[in-house]
Structures are given as structure tokens and as C-alpha cells.
Amino acid sequence: MSVVADNGAPDVLRVENVAKSFGAITALRDVSLRLGKGEVLGLIGDNGAGKSTLVKILSGYHRPDSGEISLFGEPVHLRSVIHARSLGIDTVYQDLALVPGLSVFHNMFLKREHTRLGVLNNGSMRSQARAQLDSLGVNIPDVNAEVATLSGGQRQAIAVARSVFSDAKIILLDEPLAAMGAKEGGLILKLIRDLRERGDVSQIVIAHNYLHVLETCDRVCLLQNGRITFDRPTAETSVEELLTLVGAEYRAPDA
Amino acid sequence: MSEIEQSTGLSRRAMMTAALAGGAGAMALPAWATEALAAETGKYPSHPKWRFVFVNHVTTNPFFVPTRYGAEDAGTMTNTTYQWTGSETAKTPEMINAMNAAISGKADGIAVCVVDPHAFDSVTVKALKKGIPVVAYNADGSTENKRLAYIGQDLFNSGVEMGKRIASMVAKGGRIGLFIATPGQSNIQPRIDGAQSALKGKGYKIDVITTGADLPGELTKIDAYVQGHPDVKGLFAVDAGSTQGIAQTMQKRGLQAKGVKGGGYDLLPITLQLIKSGDLDFTIDQQPYLQGFQPVIQLFLYKISGGLMAPSNTNTGLLFVTLGNVDPYLQTKSRYEGSDKAQKYIKS
Amino acid sequence: MAAAETIERRPASAGRRLISTFIARREFGIFLVLVALILYFNARNSAFGSKENWATLAEYGSPILIAAVGETMLLICGEIDLSVGHVYALAPLVLYKVAEHGWPLVVGLVVAVGVAALVGLTNGLVTVYLRVPSLIVTLGMFNVLNGISLLISDGSQQLTPTNPTFGKIFGVGDYHTFYWAFGIMLAMHFVLTMTPWGLHTIAVGGNRIGASESGVNVSWIRIGNFVMCSVLGGFAGILTAQHIGTTDPLAGGTGLMFYGVAGAVIGGTALMGGSGTVIGTFIGVAVLTVLNNGFTLLGVDAFYNDLFIGIAILLSMALGFLIGRIRGKPA
């Protein structure tokens, strides 16, 4: 596997031979992939193939059983989510990691709170949250509102906004479009494209809608049976090919 | 022993039986006598319907059912009312709270079970300072408390009497189980202290067991003890629940036939039945009815006389109920023992 | 968004925001219920509003409030402590034992609070690391504590060791327990609303996995709140023992614990976790105290007491929810 990506820039993230099991269940057998600077990588695969596990390893939530991860050319051992964050990796989880009983701005600054001598500086968090959401064009009228009162799309936007403004260099998005209507999903896709435009943020997006994948991602990887079995620039493939590859395991053998 | 029993050598029941056996005509009372009996009060002037507050430590315990009847009946006689309050589970702060509420609510008199050695002292003084008479009933656990009188059983002495009884029933050197629901509680601890003092130095092997405040738990504890000590020769308790537990255990395991003796306090219906059946040897009648009746009468007299008639310490008596005299208790479903709501004149 | 072109709305002053937030919240509903109850009891018996009755109310409600505040934090983060009423009995006993051996009262206090913290720590460690539901853990714990209390006290009540200064600071005298209870309530309100610990407690209760994914140290939060609840329970027990002068191994118990939890729930804390406020708990405990005291003043017989209080609790909660719903807040 080449160290240098097609566009000439060095890899920001390199995963080599990572494996992970949970008791008797092997989630990942031997996964290797790379992510270049400013790249958007689409990760696809059937349900249960291990995509979420891979993202959780990269975000610092799980520790791999074996294999190596390198960031910006240096090997790293990600000890925790906080540690991964400090190294520039942030995640938008499938369940959004939002607390329904807390306000929008408290959620956006969870574990990143502004404090003055140990006391929360709510005023400062409030205004910064307002500014951030406005700059993204997200429609949330009141940052004091409890997240429980917001729609799915609004919540997704908060989760993404949290990562966008977190100074992360690598953002992992686990099924950001799941359970979303067309209009709300459009906002997320726009955010992903805007991030790509910035050029200094790399993303890995897990998705099931191959049309979206081809539209927003530079490259696509297929995770199958605990391994990456397909790794191609999106320009060189099509929805039909992806469908065929993913469905291959279920086709009956020719008589 | 009750004072009557002590001075005359006869049990109370025996005396009443003798008094009325003589004249069959005594059964039919003349009309004026019936009227007098039906009259509600004596020659007392009209007075406000005073309210006396009873502060109890186990408000829902069946032992006090006859006590409430006693208070109610005395209330009918004196044209006063009573309120029954306190704590269900012997929580001192709840009882103090109830007393404070009684004081704020300007109760006309308070009767309280003093089950704590110090906690009730200041609130009693508070009531007295406001002109509210306070008497202790059933339990008199504080030496410093300024209550006007104690109405109840002489606890330590009753224990001593039981101890003497036990010594006459169980051979020296035998193992005895003494059961107490909640140790330290001032209305039962003195009994067990009295019993132990009477048994001291006689060579008995005594185990003191805590059974807890609820009946089912008490039964299991006693049963478990008997299982673990097959050499036990006597099972005795100082509270109603444990006594019933002993009686039931003795019946279940046929312990009388094995030479085990048993006894305790109070008149729970099952306890009485098992005395009749011979499974339990004795129980002690504290006359709980009087513990409700007397405080009302005495508080009433205090109020009607403007404080001239001060309440006096009243021993509500002690009687051993055995196979020989248990019948009247069983036959008369009576308000006095708490098993019947109807007010009746009981001819013995 | 150019600042010059937007119409800037000056944010409401902190005071005004506080008041409008309060009115909009569910606590307002139960607050109305409390006011209604006070007015009712006062109308039925003017002794209710007397100065000394307020002192009685304060005396009765203070220990419950302290325990309830501890339970509130735990309930919010998704746990419960059934043993708080038994630490309440054990702590003053520990103080008694230490004083009995000749140590100064302050040392006894420190040791007693330390023992309470240890109980909380045990509850927390077993719940978090052995993954036993806190309901079960604290159920077992309260029985253990009960046994220990009875053993070290021989089942009997003791005179609480005290001296004039210590006593006055720690509960002797009218309202002295109340000052502590009120102060503790304010402190916990501050922790819950103005510190990261409070935010994270809500996060752990509202979305434990999500909180963990965000980097919150979920184990720390849970264990820490267990410790806090037990410490508060033990401290409340010490205050009461000073106040009434007797140290009783059977004090508090499950009765106190249930009233503490009920106070929190009536005040709006969800049993399932994720939401709740300390102010609401204060109102909830006040409702319970007023009900108890009010019925006694009205002369209600003890047999009816439980029935009435139970019905009153159900009605209070229903009314509180109803008012909150009318105001448009989610239940």
C-alpha cells in the first residue's frame, strides 16, 4: 500500500492490519486503509460488517486487539476519546451522543465547557454556540432549548457543528444521514462538502446510500468479513458496481 | 400480680364469679340501675369537649386496639374526644413531631409513650409550660421526664414476676431462650431486665434473641432458634408478637410433649387459643384497655378541676393467664380485650 | 452575519431570565400545589401558620431534605440509593463510639462522615464495576448497615455525646438543622446547575453511552454521586442525633429513604434519570412535610394518616404534571 495518496499529499491517517474481537465475535479481522489530507473517504459494507467498530477504534472509544494506527506519519496508541480528541480526531456518532435533558449549548460544549475557576461560564458558551450555528446556517432559534424538544435534523446539525468547530483535523461520521428526511439530509451533505472545501479537514463517512457516497466522497472502501475488500476512487466506480459487490455474498451460486 | 390478687389471694375473675354466682336475681337489674348504667357522665358541669392526644410509638400495632377502645369509652363517659397519632415504626422524631403538632394545635391533654430516655423531655416541658397536662402511658423510659404521671404496667417488676415463674417451671441448668422484639425499647427492655435479674445465679443458660417488630419475622426467628438449639428447655418473650411466635412454634414442633415450657406477654387471640390447647403455658395480661381508659379519665379530672386533681401513677396490673383461667378471655369476645367493637356489660 | 445589520436583542438580565425560567418549568406547578396546601391547612387550623409550627415544620423536614438532595443527584445520574436511611442511623453511632473512646467530638464527626463516604464508595464500586443494578446493591447494603448498627450499639439507644458549642453548630436549637439543610440544598443546586460535574451528572443519566462517547468519565460521576448521597445521609443523621439528644440504631431507615425519594420525585426528578432539580426537591419535601404536619394538626387519626398522605402524594404529583403540561413543558 502506498504511503502517498493519489493527490500527492502525505497520509493524515493510516490503519494497518487492525483486528478486534468481542469475546467470541470477531468484528474486524485485518483492516488496512489510509486517509489523505482534505480527503473524504466513504466506508460502506453490510450491516454488522464492523464499520461502527472501526470508527469507534479510530475515535479512541475502543482499543484494537492488534495492528497499528498512524497519525500524520507517527504511530499512535489512542487511549481514550479525550486523548483522540486532543490529537485531532473527532466523531459524530450514530446516536449523536446528545443529552436530551440538556440545552443545545450545553450539549455543544459537553466536556469542552468554558469555565471560570471551576464554575460554568454559560454566557460565553451560549453566545459562541449561537455564532457557530448561525455561521453554518443551521436553523435553531433558541440555544437554551432542551435538545429533547428538537427535530432529528436539528439534533444531527448540532452534533456535526460540535465537530466542525472542534479544531479536529479528522472527523469521523457514523451514518450521519440515518433516519433523516431529504431536506435535513441535504444540510448534512452540504456541511460535509463545505468541510472538504476547507482543505485541512479529512473525513471518513459511513453511509448506505451509495448515491450520496459517490456525490460527496473522494474514495470508497468496502468492509466485508472483517477486511477491506475494495478501495477505489469514486470517480472510477458506479452505484451498480457497489451494489453488486455488497450483494455478492447473498447471491446463490450458479447452478 | 395485681394489687387485688396480692391482697386477697383470689384472681379477679374468680372474685367476680363468686360475687354474681350467689344470686341468679342479680342477673336481672332493676330499671333505675340500668338507666344509671346507661348515663354518660356523672354529676359534672357542662364543659368544652376536650381533645386529648395520644402519642404512640407503634400506632398500628394490634396490642393497642383495646387501648383505643378504652380511650373511646372513657371519652364517651366524660364527653371528650381523643386523637390517636404518633409513629408507626417507633421513630422518635415522628413522635416528637406529633407532640409538637398537638401543642401547636392547642390539645387539651397529651398522653405519650415515653420510649426514649431523653428525647421527650424538652417537648414535655414545652407542653406543660403551655398549660397542657402530659401523662406517660405504657412506657416510662425517661427518669428526667416531667410528665405528671405514668399509667401502665410496672415493667421491671412484671419481668421479675415472670422470671420467678420461669424458675418454678424450668429445671435448673436448663437452656432458656428469652425473646425481645426491639431491644433497648423502654417499654419492653425493663421486662427482660427484670426477668434476667430474677433468674440470675440459678445456673440457667440464657440466650437473649432479638426478633424484630413484625409478626412474620418474629415467628421465623424463633423457629430458627429452636432448630439451632434442640436442647432448649424454655422459650419466653416480653412482647406480644414474640409471644405469639413462641406459641406457634411450640405448636408446630410439638415442644410441650418434649418437655419445653413457654410463656410471654399480652393477649393476641392466637396466643390465647394456644394456651387453651396447652401449647403455651402462660401469658401476662397488661390490661391495655386501662392504658387508654385511665389517661382520659385522669386528664379529664385534671381539666374539670382546674388542675386540682393531679394525675397519679397507676399500675394497670399484671395477671398470669393460664389454662386454668383462659376461658373467659376466649369466650367473651370483648371490647376490653380488643376482639369486639361492641360496648358490653360482661357478666362473668 | 454582519453585526451592523442585525437587530441586536440584548439578552434578558440574569434575574429576569431566572424568574421566567422558573415559571415555565414543572417546578412551578408543584410550587402552586404547595402554596395551596399551606393556605388550606392554615384556613382549617390557624395554629398551622403559628411561629412555633413553622419551627416544627423545619425540624421535621430538614433531615428529609438533606437525604432527598443526595438522592436527587443520584437519581439524575440514573441510580438510586436505598441505604441512605441506614447510613443516617450508623453515622451518629460511629460518632458515639469514637467519643466513647475519649476522642474529641470533631474527630468523631470526621470519622463518622468518613465511614459514610466509605459506604457510598462501596455502593458505587459494586454498581459500576460489578455491574449490579444500584437498586439491588443498596438493598443489600442497607441490611448490612442495619446489622452493623445493631451490633455496635447492642440494639439500644444512647445519649448523644455533645458539648454546648458542638451541639449549637450541629443541630441543637430551633432551626439549626434547617440552616444546614437549606445551605446544603443551595450548594447542591449550585453544583448541579453551575459546574461541569452537574452537567456531566445529567449527561450520564440522560444518555450514558453518549456521555461516554463524548469523553465524560461515567464511572467517576456515578461513584462520586454515590459517595455524596451517603455522606449527606450520614451528616443528616448526625444533625438529628444532636438535635433530639438520642442516638438510636433504628433511626431513619427505609421510612426516611422513601420520603427522600418521594420528595425528589414529587419535585420533578425523574425516577429513570436524566432530569431533575434541587429546587424542585426542596418544594417536594416541603409538600410532604406540610401534608404530614397539617393532617396531624387537623386531628387525623393515625390509621387514616397513611391513606391520606398517599392520596395526597398522588394528587400532588398529578396536579404538578398537569400544570406543567398546560404550560407546554414536556413531562
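In what follows, chains carry the letters A, B, and so on, assigned in the order in which the sequence lines appear, proteins first and then strands, with residues in each chain numbered from 1.
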Legend entry - C:His200 and C:Asn217 side chains, donor-acceptor separation under 3.5 Å: no
Inset, instruction - Count the heavy-atom pairs under 4.5 Å between each of A:Gly118, A:Ala84, A:Ser80 and chain C, then report the option with the highest count. - result: A:Gly118
Legend entry - Modelled atom types, side-chain donor and acceptor of C:Glu79 and C:Thr127, under 3.5 Å: no
Inset, instruction - Pick whichever of C:Gly206, C:Ser214, C:Gly210, C:Gly198 has the most heavy-atom pairs under 4.5 Å with chain A. - result: C:Ser214
Inset, instruction - Output yes when a side-chain donor or acceptor of C:Thr138 lies under 3.5 Å from a complementary backbone atom of C:Leu82, and no otherwise. - result: yes
Legend entry - Heavy-atom contact with chain C under 4.5 Å, split by part of A:Leu96: neither
Inset, instruction - Please flag which part of A:Arg112 lies under 4.5 Å from any non-hydrogen atom of chain C: side chain, backbone, both or neither. - result: neither
Legend entry - Pair C:His189 and C:Phe282, ring centroids less than 6.0 Å apart: no
Inset, instruction - Decide whether A:Ser59 and A:Tyr93 meet the rule of one side-chain donor and one side-chain acceptor closer than 3.5 Å. - result: yes
Inset, instruction - Go through the atoms of C:Thr193 and report whether side chain, backbone, both or neither lie under 4.5 Å from a heavy atom of chain A. - result: backbone
